[in-house]
S.K.: 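Got a structure here, written out as structure tokens. Questions coming.
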Number of protein chains: 2
Amino acid sequence: MSKTSLIQDYKTACSNCHLRELCLPVGLSPDDLQKLNNIVKTRQPVLKGEKLFTEGDEFNSLFAIHTGFFKTSITATDDGREQVTGFQMTGEIIGLDGIVNDLHTCNAIALEDADVCVLPFENIELLSREFPALQRHMHKIMSREIVRENEVIMLLGTMQAEERLAAFLLNLFQRSHMRGFSKSEIVLRMSRQDIGSYLGITLETVSRTFSKFCDEGIIEIKQRYVRIIKPEALKEIFNPNKSCQ
Amino acid sequence: MSKTSLIQDYKTACSNCHLRELCLPVGLSPDDLQKLNNIVKTRQPVLKGEKLFTEGDEFNSLFAIHTGFFKTSITATDDGREQVTGFQMTGEIIGLDGIVNDLHTCNAIALEDADVCVLPFENIELLSREFPALQRHMHKIMSREIVRENEVIMLLGTMQAEERLAAFLLNLFQRSHMRGFSKSEIVLRMSRQDIGSYLGITLETVSRTFSKFCDEGIIEIKQRYVRIIKPEALKEIFNPNKSCQ
DNA sequence: ATACTGTATTGATCTATATCAGACATTTGT
DNA sequence: ACAAATGTCTGATATAGATCAATACAGTAT
């Protein structure tokens, strides 16, 4: 039985959204916020496993994740090789890749039932011309994505499997903690396959490395549940012995 | 004897720049172009080997490459591992990484004597509010960088050494050709070390793979001079046997 | 409870690429 | 013109992680 999402559009308000300190409204005055409410047209549900957009889709809007968890990926033109390019959580903006050619160049897939705010890009541009704070914030969001991708490139270009996985865990926990969740416990939303694709290693290596961290008492892991026992040890793996040089 | 760049600022004009179809002025009306001239404050020379900016530098301006060739890189915090994140040629904009935290997060190093147009970011934002075409173009430039980095992530995450090098050559020749240079001949500006860092492989593997392509009659290579003999063969390596699936 | 399906773990083996090392080529400085 | 420094090429060997394969586990349906 395949679930399909209800096309269920309802009014939203940034001004009293619990994510306003993480999402698009950052730094806007109450007045500006009121105007922002008007550009966020609708809230759209996306069920687990569904695609919010796919490579080749026409680009019209950015999306702010209100609830849920997404992965973005691109697929090789020839064979179907998938490369996961990122995992996105609440308050994050997805779809920036679509601006340059008015076409999406990646896939965004919900890893749990989700809700996104639809931000028509025309409206964002219009309002950005009016509000310097929003303009600045949009530029920062795009720049942040560029910097994030630089870090992924660094990870894939220079790091060993253990370093990659340590970096991945630290990043995930940090972002999760910023959203008010536990600093030490998480339930992963993505499969070992997804993690491996993101980190440029196989799912077997992901599994083995998790087990190794577990044997060393750094983490506790049971399937998708992860608890960090020694965060310093993870940081040490990620940033090895700087004291020795 | 270490050469240092002359601080030599001279007036420039986008409106009669030979790069106006590649660079910031794309899509601007003659009127808008006139205004753009006023935000491009100065032209700044950067000698081969010099840094235009470094990780940690304060961010004030974007830079448009007028002449010359750059690499951008980031270095691991602990040891000095360098990861080359891109190679930039004339007409391209660098410094976008600095917007998010008003600090540059990468290094931009000239690989040959260069000249950049300094674009104070405050002015760009001011003018973007006035000219929708410039605003749209800035958004596209940032989005294009996000898409480019996605492709690098794909390359590093899923491709073999031969595929990476084929992709690298095709991309470099294509961009060079767009600037009016030969479709089949190039003199590389970067070392084997730089190429290897960019592609996540060692310089030895770069060298060996070049030699292999040469033995197979796909390219001719003598140190930094490269001629492509069979472009289709390179495309085939980059996009292997789609006909077989 | 039992079978079924997708996901995760663990082990044995293989391989692409790293590492180490030496020869050669090119550029730079004197 | 020569020496030194830097960059490139090629060979021999080592290794991190891939691949292949079998088992175990969790969630859902029968």
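When reading the values below, keep in mind they use all heavy atoms of this one structure, side chains included, and skip hydrogens, waters and symmetry mates. Letters A, B, ... mirror the listed sequences (proteins, then strands); counts begin at 1. Since the model is a prediction, treat every value here as computed from it, not as a measurement.
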S.K.: C/dT15 P sits how many Å from A/I201 CD1, rounded?
M.R.: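 Between P of C/dT15 and CD1 of A/I201: 21 Å.
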S.K.: With no hydrogens and no angle check, just 3.5 Å: does a side-chain donor-acceptor pair link B/Y198 and B/Q83?
M.R.: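 Side chains of B/Y198 and B/Q83: no pair found under 3.5 Å.
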S.K.: State whether B/K235 and B/E163 are salt-bridged, where the test is any N-O pair (Lys NZ or Arg NE/NH1/NH2 against Asp/Glu carboxylate O) under 4.0 Å.
M.R.: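 Here B/K235 does not pair with B/E163 in a salt bridge, since their nearest N and O are not under 4.0 Å apart.
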S.K.: B/S191 near the nucleic acid: base, sugar-phosphate alone, or nothing, with a heavy-atom cut-off under 4.0 Å?
M.R.: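 Counting heavy atoms under 4.0 Å across all strands, the contact made by B/S191 is with sugar-phosphate only.
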S.K.: Examine C/dA18: is either OP1 or OP2 under 4.0 Å from a nitrogen or oxygen in the side chain of B/T202? Give yes or no.
M.R.: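 Affirmative; the distance criterion is met.
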S.K.: Just the rounded figure in Å: distance from P of C/dA12 to CZ of A/R208.
M.R.: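 Distance check: A/R208 CZ to C/dA12 P gives 11 Å.
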S.K.: Can you tell me which nucleotide in C/dT7, C/dA21, C/dT17 comes closest to the side chain of B/E204?
M.R.: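 Shortest atom-to-atom distance from the side chain points to C/dA21.
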S.K.: I want to confirm an ordering. Mapping A/K222 and A/A161 to their closest nucleotides on DNA chain D, which one lands closer to the 5' end?
M.R.: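 Nearer the 5' end of the strand: A/A161.
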S.K.: Side-chain contact test, heavy atoms from C-beta onward, threshold under 4.5 Å: evaluate it for A/M190 versus A/F69 and give yes or no.
M.R.: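 In short, these two side chains touch, coming nearer than 4.5 Å.
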S.K.: Could you grab the distance from atom CD1 of B/I94 to atom CG of B/L119, nearest 0.5 Å is fine?
M.R.: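 Reported to 0.5 Å precision, the distance equals 10.5 Å.
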S.K.: In whole Å, what is the span from the CD1 atom of B/I221 to the P atom of C/dA25?
M.R.: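 Interatomic distance, CD1 of B/I221 to P of C/dA25: 16 Å.
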S.K.: Select base, sugar-phosphate, or nothing to describe what A/K212 touches, counting heavy atoms under 4.0 Å on all strands.
M.R.: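 Contact class for A/K212: none.
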S.K.: Heavy atoms under 4.0 Å, any strand shown: does B/G200 hit a base, just sugar-phosphate, or nothing?
M.R.: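 It contacts sugar-phosphate atoms only.
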S.K.: Nearest whole Å is fine: how far is C/dA8 P from A/Q193 CD?
M.R.: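 The answer, rounded to whole Å, is 9 Å.
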S.K.: Among the candidates C/dA8, C/dA16, C/dC20, find the nucleotide nearest to the side-chain atoms of B/Q160.
M.R.: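 Side chain of B/Q160 sits closest to C/dA16.
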S.K.: Considering only residues two or more places apart or on different chains, which pairs with a residue in residues 60-77 of chain B satisfy salt bridge (Lys or Arg N to Asp or Glu O under 4.0 Å)?
M.R.: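 Checked against salt bridge (Lys or Arg N to Asp or Glu O under 4.0 Å) - neighbours excluded - the pairs reaching residues 60-77 of chain B are B/K71-B/E82, B/K71-B/D194.
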S.K.: Grab the CG-P distance between B/L188 and C/dT26 for me, whole Å please.
M.R.: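 From B/L188 CG to C/dT26 P: 15 Å.
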S.K.: Do any side-chain nitrogens or oxygens of A/R224 fall under 4.0 Å of OP1 or OP2 in C/dA8?
M.R.: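 True: A/R224 side-chain N/O within range (under 4.0 Å) of C/dA8 OP1/OP2.
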S.K.: Separation of B/R192 atom CZ from C/dA18 atom C1', in whole Å?
M.R.: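 The answer, rounded to whole Å, is 18 Å.
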S.K.: Working note: B/E185 + B/Y225, criterion side chain to side chain donor-acceptor pair (under 3.5 Å); need CA distance, chi angles, decisive distance, verdict.
M.R.: CA-CA 8 Å; B/E185 288 184 308; B/Y225 165 86; 2.5 Å; yes
S.K.: Less than 4.5 Å apart, any side-chain heavy atom of B/I74 and any of B/T85?
M.R.: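 Contact flag for B/I74/B/T85 side chains = yes.
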S.K.: Using the rule given for salt bridge (Lys or Arg N to Asp or Glu O under 4.0 Å), can you reason through A/E92 versus A/R144, listing the C-alpha separation, both sets of side-chain angles and the distance that settles it, and then say yes or no?
M.R.: CA-CA 11 Å; A/E92 295 179 336; A/R144 178 180 305 132; over 6 Å; no
S.K.: Taking the side chain as every heavy atom from C-beta outward, state whether A/T72 and A/V84 have any atom pair closer than 4.5 Å.
M.R.: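 Sidechains of A/V84 and A/T72: no contact.
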S.K.: Please give, in whole Å, the distance from C/dT17 P to B/L199 CG?
M.R.: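 For the pair B/L199 CG and C/dT17 P, the rounded distance is 12 Å.
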S.K.: Which angle, to the nearest 10 degrees, lies between the helix axes at the two ends of the helix from C/dA1-D/dT30 to C/dT30-D/dA1, each defined by five pairs?
M.R.: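 Rounded value for the end-axis angle: 40°.
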S.K.: Looking for any heavy atom pair under 4.0 Å, which part of the strands does A/L203 touch: base, sugar-phosphate only, or nothing?
M.R.: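 Base contact.
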S.K.: Find which nucleotide of DNA chain D each of A/M159 and B/V206 is nearest to by heavy atoms, and output the residue with the more 5' nucleotide.
M.R.: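 Closest to the 5' end, via its nearest nucleotide, is B/V206.
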S.K.: Within a reach of under 6.0 Å around CZ of B/F181, are more than 12 heavy atoms found that belong to other residues, nucleotides or ligands?
M.R.: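 Check fails, neighbour count at 12 or below.
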S.K.: Could you tell me from which nucleotide to which nucleotide of DNA chain D, 5' to 3', there is an atom under 4.0 Å from chain A heavy atoms?
M.R.: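 The protein-touched segment is D/dG17 to D/dA26.
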S.K.: What is the separation between atom CE on A/M190 and atom C1' on C/dA8, rounded to the nearest whole Å?
M.R.: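 A/M190 atom CE is separated from C/dA8 atom C1' by 15 Å.
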